[in-house]
Amino acid sequence: MRFNRRGVFMRYSQLLIPTLKEDPAEAEVVSHKLMMRAGMIRKLAAGIYTYLPLGYRVIRKVEQIIREEMNRAGAQEVLMPAVQPASLWKESGRWDHYGRELLRVRDRKDTEFCIGPTHEEVVTDLVRMNVRSYRELPLNLYQIQTKFRDEIRPRFGLMRGREFIMKDAYSFDRDEAGVDESYRKMFDAYCRIFERCGLEFRAVEADTGTIGGNFSHEFMVMAETGEDAVACCDSCSYAANTERAGIRKEPAAASGKAGTLEEVRTPGKKSVEEVSAFLNVGPEKLIKTLIVMDGEGHAAVGLVRGDHELNEIKLKNRLGWETITLADEETVQKVTGGPSGFSGPVGLTGVPVIADHGILSVTEGVTGANRADLHLVNVRVNRDFTPDAFDDIRIAREGDGCPRCSGRLKISRGIEVGHIFKLGTKYSESMGATFLDEDGKSRPMIMGCYGIGVGRTAAAAIEQNHDPDGICWPVPIAPFSALILPLSAKSKEVVDLAEKFYGALREKGIDVLLDDRNERPGFKFKDADLIGIPCRIVIGDRGLKEGVVEIKERRTGEMTRVAVEEAVPKVLSLISG
RNA sequence: CGGGGCGUAGCGCAGUCUGGUUAGCGCACCUGCCUUGGGAGCAGGGGGUCGGAGGUUCAAAUCCUCUCGCCCCGACCA
């Protein structure tokens, strides 16, 4: 508790807190609904929001925690431009690779710019211009700033906006040992940050995506509504995004008898479900044959069991491609000679065929025949076809084997609030961010980058901390720590005491909100529950007659009646407890 | 970008199929009275280019064409 500063204090009657009685039609998830209903945010356009006083106070609290922990970890705060010249992005190569998510604009001289979705280019430029010697490393620069990504589908309010506030940090080191240390410091700082925000989270291994690099962790706030699936081992500490989660190779099932390869007619039956139902065999007997392509005209084939799902990221990484999509009809025709829905590995040539380990358990399989309306039955791996390679290319499912131990994976959902990467030299090399080492040799700096979605963190906190009446803010990120609720705006005794508490709490450094509106009690109670201030002091004539006020904890609903003079100490202990 | 849906008062919606009073309801808002321990009551009131443009018609929120915005599913995504 910071007693060296005065708390912020505000009167409800003077704040813009437009609460709503009903859920807005557009809101799908609870954090979005409650942020709208509590008057924290309002939408200006798809994925673009205004932060109202209450919402902005939460944002600022989260930011402050982030600042304190980043500074503690030795990072330095800067602020980089939101508008960035295309030339920098062309240097790094991302102008062409980032895609439509990058909002591109032209200035009056027709020079191209973008609205920064991230700042690797800018920070790398800054450092290459100003840092020359190993003596100046390591260096970690961070900023808290508004970014813009033209998401294909913004949704869920602040959870997935196009414009959003992000803390991004970039580390520069001399060598691998240095970047390991920088990464570790950020990992620890992130744990502290999310702990301080009062969130239940997990750090999980993650794919690095288009930002590149070779190592990364995501910080996931566990919540049903999370957009990411996380696989956690039930017996060791292994945890990973299912985009990345490895799957232990299971011993292949005992090879049963295999009949002879046969063609069967399967008119119009394309999907696993259709074929499985039509031939009356379980989906685990099917071998799904997925034709994929990249943006440069390459094609490849992935094989997974019918009851498994292809993990495109794993396959993309296995193939060493930049991008991956399921092939269009034309490519499928070219690769297999047949229409999509009837592809199979038997007789396929001219493309790399990567098989998931899982298909080894298929002894009498069903696959497409690469001709319309025909499938093959009694297909056997390594007899009727031989993949070019076996690998782990499917999405982890509940119950799959942990890749690290003999445990099993459990799948749960999470909200990605932070992501840390070891970038390596991807940007320093392409953009020439080098330094002179002790022996006078020029070497590229080794980079790391570290992001936290500020608004998303606030939203995630609501997903984890709410009840049917509204938000239950954790104290550290609550817009106010205490709410004073005088039941009457007319009783002088009540009003005077409310004012007295208001001043006293502020002196103690508590952020306190006084509901001085001349409204009926029920009305104020409902708003109080909705906006979720952790600690509420209710002052009414009835209690005052006995010299007591009520103190109620929002989260537990626990109410204590205390003597007037004990109210402030009680609030302090609740808030710091 | 594919599929589906929605744009009517600040919010939530009815009316559209089957064209035809002055476009309605609940909440919110304003005024007055009343009320004050869980979103009170009564009375009065303000607020709408029915997303926009064009068309059909004696007549369009309603039918047709185009367009813009938004939402959901999918693909996509530090």
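Keep in mind the model is a prediction, meaning the values are calculated, not measured. Chain naming here is simple, since letters A, B, ... match the order of the sequence lines and numbering starts at 1 in each. For the numbers below, each heavy atom of this structure counts, side chains included, while hydrogens, waters and symmetry mates do not.
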All salt bridge (charged side-chain N to carboxylate O under 4.0 Å, His left out) counterparts of A:Asp541, not counting sequence neighbours: none

Using the 3.5 Å cut-off, write out each protein N or O paired with an N or O of nucleotides 69-71 of chain B and the distance between them.
residue, atom, partner, partner atom, Å
B:C70, OP1, A:Ala46, N, 2.9
B:C70, O3', A:Lys43, NZ, 3.0

By side chain to side chain contact (heavy atoms under 4.5 Å, CB included), which residues pair with A:Ala206, not counting sequence neighbours? A:Ser216, A:Glu218, A:His419

So what does A:Glu312 hit on the nucleic acid, given a heavy-atom distance under 4.0 Å: a base, only sugar-phosphate, or nothing? sugar-phosphate

B:G46 -> Watson-Crick or G-U wobble partner, both distances under 3.5 Å, gives none

Flag yes if more than 12 heavy atoms outside A:Glu227 fall under 6.0 Å of its CD atom; otherwise flag no. yes

Watson-Crick or G-U wobble partner of B:U57, both distances under 3.5 Å: none

Hunt down the Watson-Crick or G-U wobble partner of B:G38, both distances under 3.5 Å, from any strand shown, or write none. none

The Watson-Crick or G-U wobble partner of B:G19, with both key distances under 3.5 Å, is none

Could you tell me whether A:Arg104 sits above the aromatic face of A:Trp95, with NZ or CZ closer than 6.0 angstrom to the six-membered ring centre and within 45 degrees of the axis? yes

Give the ring-plane orientation class for A:Tyr190 versus A:Phe219, where under 30° counts as parallel, over 60° as perpendicular and anything between as tilted. tilted

Does the pair A:Glu26/A:Lys43 count as a salt bridge with the N-to-O cut at 4.0 Å? yes

Rounded interatomic separation in angstrom, taking CG from A:Asp23 and P from B:C27: 18 Å

When you check the gap from the basic side-chain N to the acidic O, do A:Lys33 and A:Glu22 get nearer than 4.0 Å? no

State the pairing partner of B:C6; accept Watson-Crick or G-U wobble contacts with both distances under 3.5 Å, and report none otherwise. B:G69

Between B:G12 (P) and A:Glu22 (CD): distance, integer Å: 8 Å

Can you give one letter per nucleotide of nucleotides 34-40 of chain B, going 5' to 3': B for a protein heavy atom under 4.0 Å from the base, S for sugar-phosphate only, - for none? -BBBBBB

d(CD, A:Glu151; P, B:A75) in whole Å: 15 Å

Whole angstrom is fine here: how far is it from CD in A:Glu329 over to P in B:A75? 19 Å

Does the structure show a Watson-Crick or G-U wobble partner for B:G74, both distances under 3.5 Å? Name it, or say none. B:C1

Length of the line joining A:Asp228:CG and B:C76:P, which is rounded to integer Å: 14 Å

Taking only residues two or more places apart in sequence or in another chain, which ones pass side-chain hydrogen bond (donor to acceptor under 3.5 Å, both in side chains) with A:Arg318? A:Asp391

If pairing requires Watson-Crick or G-U wobble contacts with both distances under 3.5 Å, which nucleotide is the partner of B:G26? B:C11

Anything under 3.5 Å between a donor and an acceptor, one on a side chain of residues 546-554 of chain A, the other on a protein residue two or more places apart or in another chain? List them.
residue, atom, partner, partner atom, Å
A:Glu546, OE1, A:Arg561, NH2, 2.9
A:Arg554, NE, A:Ile471, O, 3.2
A:Arg554, NE, A:Asp529, O, 2.9
A:Arg554, NH1, A:Asp467, OD2, 2.8
A:Arg554, NH2, A:Asp467, OD1, 2.8
A:Arg554, NH2, A:Asp529, O, 3.0

Atom-to-atom span, CG of A:Leu44 to P of B:G10 - whole angstrom: 16 Å

Which is true for A:Pro117 with a 4.0 Å heavy-atom rule: it touches a base, it touches only sugar-phosphate, or it touches nothing? base

